Number of protein chains: 2
Amino acid sequence: MVKIADVAKHAKVAPSTVSYVLSGKRPISPEVRRRVEESIRALGYQPHAGARALASRRTNIIALVIPLRTGVHVPVLMRFVTAVTARARQFDHDVLLLTQGEGERGLQRVQGSSLADAIIVMDDELNDERLPLLRDLETPAVLIGSPRDSTDLTCIDLDFHAAGAKCVAHLADLGHRHVALVGTTARVADGAHAAAATRGVEVATRMDDHVTGVIVQNVPALESWLHTLRPDVAVVAICPDEVAERLDLTAVALPAEDVGRRAVELAMAKLDGEPVDAETVLAPTLTIRASTAYSRSSQLAE
Amino acid sequence: MVKIADVAKHAKVAPSTVSYVLSGKRPISPEVRRRVEESIRALGYQPHAGARALASRRTNIIALVIPLRTGVHVPVLMRFVTAVTARARQFDHDVLLLTQGEGERGLQRVQGSSLADAIIVMDDELNDERLPLLRDLETPAVLIGSPRDSTDLTCIDLDFHAAGAKCVAHLADLGHRHVALVGTTARVADGAHAAAATRGVEVATRMDDHVTGVIVQNVPALESWLHTLRPDVAVVAICPDEVAERLDLTAVALPAEDVGRRAVELAMAKLDGEPVDAETVLAPTLTIRASTAYSRSSQLAE
DNA sequence: ATGAAAGCGCTAACAA
DNA sequence: TTGTTAGCGCTTTCAT
């Protein structure tokens, strides 16, 4: 194994100089830098992660905790994961994968044994039992999801309130005046009601004959129900992109890549001691598909 | 941070004794063991991963490289991943997730910086560019998949030869005498032909009027084709469980959990210096569903 | 701008 | 059965 001392000898400098060339933590003369970099290349030197972690108290590892509950949409989960690992690499970090199965103990282990510089916890389960623990963690932590109370946390998620509003706005634009909310969470409903109030749209609590448009969440579970809808009822969904695509649904997608990236950025910011918002929220994007292809007004005109 | 010296002091023993209690690498008197364990609990001691890695040259981390090509069935991939992490934990190891995007460099980095004790590479791409590198790796490596040449490797996969044979046998049992192979790999085809020879079954290279049963692989791509088949043609598939379930197909499933588990076991065995086979192959299991619900003979009898 | 040297927290000889 | 101690390879003061 080639170690820093070997490089130092080869470049005729002190080991610390090699270290500083690598870390950039102090000025190095061009000549020395050149020699050191040359030696590193020549010898194929790669710093020992453990030694580095021990001396610097940085592991260059991010722990990522993923949920394995039934009900999580696996392809979306996977997109989160790959987005996180890709972004982490850009910060010269690797990703340690923990599964929910380990629960709190996983977090404690990571923290206790200094396995990671930061922890990203994915979960949309609003009242997670690990939330208190997450608040007390020394290790910088970022939560992907929207807990009821984000105090002392760093959270990132889609702006579900805005998403609800956007869905209503779209239906309103098409001329719909009576819409129903199906399977929507509180935040989406709030957003929908807020938008409805300003747009003169009535929000029904359940389907009735006046309803000409519906906003649905949790589409996978409602798929068969959707098929029972009259074809002239407009549907706007809040669901994974692929599901929306498959069913040709106008929808606000969960921006998995964005969320994953931002989660890493937040984690790194915290690690650098920068202040970050407790709640980061991503603007929704609505993609129009067949389920709202025809406007209410044109239907009326027909 | 509580360190081993703190525990040692608290338990009135030497640091090394604490270390040995933890590792079990030398006999400890019951009394001392009790005291040490008590102190560990009282102080909430957790060994520093980096320090441990530096001193013992073991990281207790397994690197897992997953493919992200389009075409990989994500749910199955995820089942591999969770199976690997779960089994790894039972060996007191964590999982570092690398994505294929990094290619060879990822492997070199893991090895060069001593990030992991072992590497598991998932890939069914037969002629992977990383294969030569994998052969030369110092770090114990296990390949999930079936490369053309497994010399100097440790591979684990479903026994596709046996799977092909099993499919033919099942069709033969049902009275089929003319079967076709669709989308099958060489190994499956070999197994199918071998079984066909002993069972008096004709294997057609393409669909024709004599064919009463087909063996399909790569089902997702063939889904629409399957719908064009006459309903009395029996279908046996080699595909993920969930796909088979959704389409109600008699099938040999890819045993993701088993493969993941065994991959970890192989990696740990190699790490312990135990000799392992170059190729480990898992016996196929065939689940009977609607696509072969009626035997040929009973159809003829009708 | 560079070097020397003291640890980081742990494991594993080596001693007893 | 237990203790003492010399590193593991790196970072980071402290000197110069």
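These numbers were taken from a predicted model, which means no experiment stands behind them. Order of the sequence lines fixes the chain letters, A, B, ..., with proteins taken first and strands second; residue numbering starts at 1 for each chain.
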Measure the angle between the two terminal helix axes of the helix from C/dA1-D/dT16 to C/dA16-D/dT1, five base pairs each, and quote it to 10°.
30°

Between atom CZ in A/Arg33 and atom P in C/dT2, what is the gap in whole Å?
10 Å

Measure the distance from NZ on A/Lys3 to P on D/dG7 and round it to the nearest whole Å.
11 Å

Is the phosphate of D/dG3 approached by B/Thr17 (side-chain N or O, under 4.0 Å from OP1 or OP2)?
yes

Nearest-Å distance for atom pair CZ/P, residues A/Arg57 and C/dC10
10 Å

Is any side-chain nitrogen or oxygen of B/Ser56 closer than 4.0 Å to OP1 or OP2 of C/dT11?
no

I'd like to know if the side chain of A/Glu38 pairs up with that of A/His10 as donor and acceptor (distance under 3.5 Å, no hydrogens or angles considered).
no

Counting heavy atoms from C-beta on, name the nucleotide in D/dT1, D/dG3, D/dC10 closest to the side chain of B/Val13.
D/dG3

Atom CD1 of A/Ile28 and atom P of D/dT12: how far apart are they, to the nearest Å?
13 Å

Quick one: B/Arg26 CZ to C/dA16 P, roughly how many Å, whole number?
14 Å

Once you round it to whole Å, what is the distance between P of C/dT11 and OH of B/Tyr20?
10 Å

What is the distance, to the nearest angstrom, from the NZ atom on A/Lys25 to the P atom on C/dA1?
18 Å

Charged N to carboxylate O below 4.0 Å: is that the case for B/Arg261 and B/Asp258?
yes

In terms of side-chain geometry, is the basic nitrogen of A/Arg262 or A/Glu265 positioned less than 4.0 Å from the acidic oxygen of its partner?
yes

Quick one: do A/Arg69 and A/Asp123 satisfy salt bridge (charged side-chain N to carboxylate O under 4.0 Å, His left out)? Show the steps, please.
CA-CA 10 Å; A/Arg69 235 172 318 109; A/Asp123 210 346; 2.5 Å; yes

Dump the intermediate steps for side-chain hydrogen bond (donor to acceptor under 3.5 Å, both in side chains) on B/Arg87 and B/Gln90, then the final yes or no.
CA-CA 5 Å; B/Arg87 194 79 183 102; B/Gln90 298 180 332; 2.3 Å; yes

Do the side chains of A/Lys12 and A/Glu31 get close enough for a salt bridge, i.e. N-O under 4.0 angstrom?
no

Taking atom C1' of D/dC8 as reference, at what distance in whole Å does atom CZ of B/Arg58 sit?
15 Å

Any donor-acceptor pair, under 3.5 Å, between the side chain of A/Arg52 and the base of C/dG9, if you only look at N and O atoms?
no

Assign A/Ser19 to base, sugar-phosphate, or nothing according to its heavy-atom contacts below 4.0 angstrom with the strands shown.
base

Is any N or O donor-acceptor pair between the side chain of A/Ser16 and the base of C/dA4 shorter than 3.5 Å?
yes

Ignoring the backbone of B/His48, work out which of C/dT2, D/dT12, C/dC10 is nearest its side chain.
C/dC10

Sole residue of B/Arg33, B/Arg41, B/Arg34, B/Arg35 in salt bridge (charged side-chain N to carboxylate O under 4.0 Å, His left out) with B/Glu37:
B/Arg33

Which residue lies toward the 5' end of DNA chain D, A/Leu22 or B/Ala55, if each is placed at its nearest nucleotide?
B/Ala55

